[in-house]
Structures are given as C-alpha cells and as structure tokens.
Amino acid sequence: MQAKGLVTLKLDASYRPVEVIEALEALVMCLIGKAKVLEEHEMEICSPTKTFKLPAVIVINRVIKYALLGSRATRRNVCLRDDNTCQYCDKRFAYVDLTIDHVIPKSRGGSNDWTNLVACCKRCNQKKGPRTPVEANMKLNREPYQPHYTELKIKIYYQDIWRDYLW
C-alpha cells in the first residue's frame with residue numbers, strides 16, 4: 001500500500017471526529033507538535049535517519065467549534081447515509097441498484113431534502129409508487145435525518161481501527 005491515499009481520522013481535543021486527512025499530513029502535524037498519535041497504520045516511511053509509522057488516528061491540541069455545515073442531499077450522499085440499504089426491505093444493495101424514494105411523494109409536495117429522501121431498492125420503489133409508506137402498507141426501517149457534515153466523509157473512508165473513536 002502506498003502512503004499516498006492512506007488516510008487518518010483527525011479528532012479534536014474533546015475526541016470528537018473532525019475530518020479525514022491524508023496520513024502524511026497527519027504525520028507532519030504530529031512531528032511539529034500540533035497533534036498526538038493515538039493509533040498507527042502498519043505502513044512506515046523512512047527518512048535517511050529515522051523510520052515513522054503513519055498515524056491512523058490523531059488528536060489535535062485544540063477543540064474545534066463546529067460550524068453548522070451541511071451536505072447536499074444528493075443520491076450518493078443519501079445512499080451513504082443509509083449504508084446502501086433499502087429503508088423498506090432492509091437489504092443491502094450495490095449503489096447502482098438503489099434508487100431514491102421521496103417519503104412524501106413529489107406529486108404531493110414532498111421536498112428534496114434529507115428528511116424526505118431515503119435509499120430504496122427498485123422493487124420497493126415500484127411497490128410504493130406515488131403513495132406514502134402508510135398508504136402502501138410499507139414501514140420505514142429508519143426515519144430519514146440530516147447527517148452531521150463529518151458523518152458522510154468518515155463513512156467514505158471508514159477503517160476498523162477507527163471504531164473506538166466514532167460515536
């Protein structure tokens with residue numbers, strides 16, 4: 001595995017996930033004293049005199065004040081939020097085999113926002129049609145919600161070594 005493309009989970013001083021950054025950038029932050037390493041990847045890089053393991057999880061020395069940044073409710077982002085799982089039949093699908101369903105149909109004034117969109121397999125979407133889940137006698141497995149702006153970024157790059165640091 002090359003160092004380029006290897007990523008690190010960055011936490012703030014309160015151990016909240018902030019973002020995912022390149023592992024080399026994380027190593028530099030640790031070397032100059034802006035962060036501490038909590039977990040390491042197996043991969044090492046070498047200078048002429050030293051060898052360094054690349055960090056997998058770091059914690060920076062300050063607390064980040066969260067801005068209320070939002071992500072757009074695109075098809076890709078809705079599928080990421082819902083873990084590529086149909087919210088009606090609860091089966092996992094490849095991204096290309098999923099559609100997006102409007103819980104309140106567009107024909108009835110349903111919006112294109114996070115709280116009205118869910119990932120849905122083609123079969124369930126056809127079954128539901130232009131009805132509400134109640135009218136179609138279908139139950140949502142999880143209510144749609146607007147994810148925190150870091151949730152989607154972390155899901156893209158998720159690694160098992162981060163499990164203890166995500167909530």
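The figures here come from the full heavy-atom set of this structure, side chains too, leaving out hydrogens, waters and symmetry mates. Owing to the predicted nature of the structure, the values given are computational and were not obtained by experimental measurement.
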Is it the case that one hydrophobic cluster holds both V78 and Y88, taking links as side-chain heavy atoms less than 4.5 Å apart, direct or via other members?
no
Looking at N84 and A94, would you say the former's side chain and the latter's main chain have a donor-acceptor pair under 3.5 Å? no
Query raised in the report: If we ignore angles and hydrogens, is there a donor and acceptor under 3.5 Å between the side chains of S111 and D113?
Result: yes
Between L9 and P17 the two heavy atoms that sit nearest each other are CD1-CB, 4.3 Å
Nearest heavy-atom contact between T8 and A23 is OG1-CA, 3.2 Å
Under 3.5 Å, sequence neighbours excluded: what are the donor-acceptor pairs made by side chains of residues 29-42?
from	atom 1	to	atom 2	distance (Å)
E39	OE2	Y165	OH	2.8
H41	NE2	V7	O	2.8

Exercise answer: donor-acceptor pairs, residues 47-58 side-chain atoms, under 3.5 Å, sequence neighbours excluded:
from	atom 1	to	atom 2	distance (Å)
S47	OG	T49	N	3.3
S47	OG	K50	N	3.0
S47	OG	K50	O	3.3

Note: R163 and Y158 closest approach over all heavy atoms is CB-OH, 3.6 Å
Quick note, salt bridge (Lys or Arg N to Asp or Glu O under 4.0 Å) partners involving residues 117-129, not counting sequence neighbours, are D101-K128
Side-chain heavy atoms nearer than 4.5 Å, only ILVMFWY residues, links allowed to pass through others: does that put L24 and M43 together? yes
Residue set satisfying side chain to side chain donor-acceptor pair (under 3.5 Å) with E25, at least two apart, ordered chain then number -> none
Exercise. Could you state whether L6 and I45 fall into the same hydrophobic cluster, counting links through intermediate Ile, Leu, Val, Met, Phe, Trp or Tyr residues with side-chain heavy atoms under 4.5 angstrom apart?
Key: yes
Sorted by chain and number, sequence neighbours left out, side-chain contact (heavy atoms from CB on, under 4.5 Å) with N137 holds for none
Side-chain donor-acceptor contact under 3.5 Å, R16 with S14: yes
- Query: Would a distance-only check, ignoring hydrogens and angles, find a side-chain to backbone donor-acceptor pair under 3.5 Å from D82 to T85?
  - Reply: no
Taken in chain and number order and not counting sequence neighbours, the residues that satisfy side chain to side chain donor-acceptor pair (under 3.5 Å) with T99 are N125
- Taking the six-membered ring of Y95 (Phe, Tyr or Trp), confirm whether the NZ or CZ of R76 is under 6.0 Å from its centre and within 45° of its axis. no
Within the side chain of R75, is there an N or O that forms a donor-acceptor pair under 3.5 Å with the backbone of L98?
yes
- Is there side-chain contact between C120 and I100, with heavy atoms separated by less than 4.5 Å? no
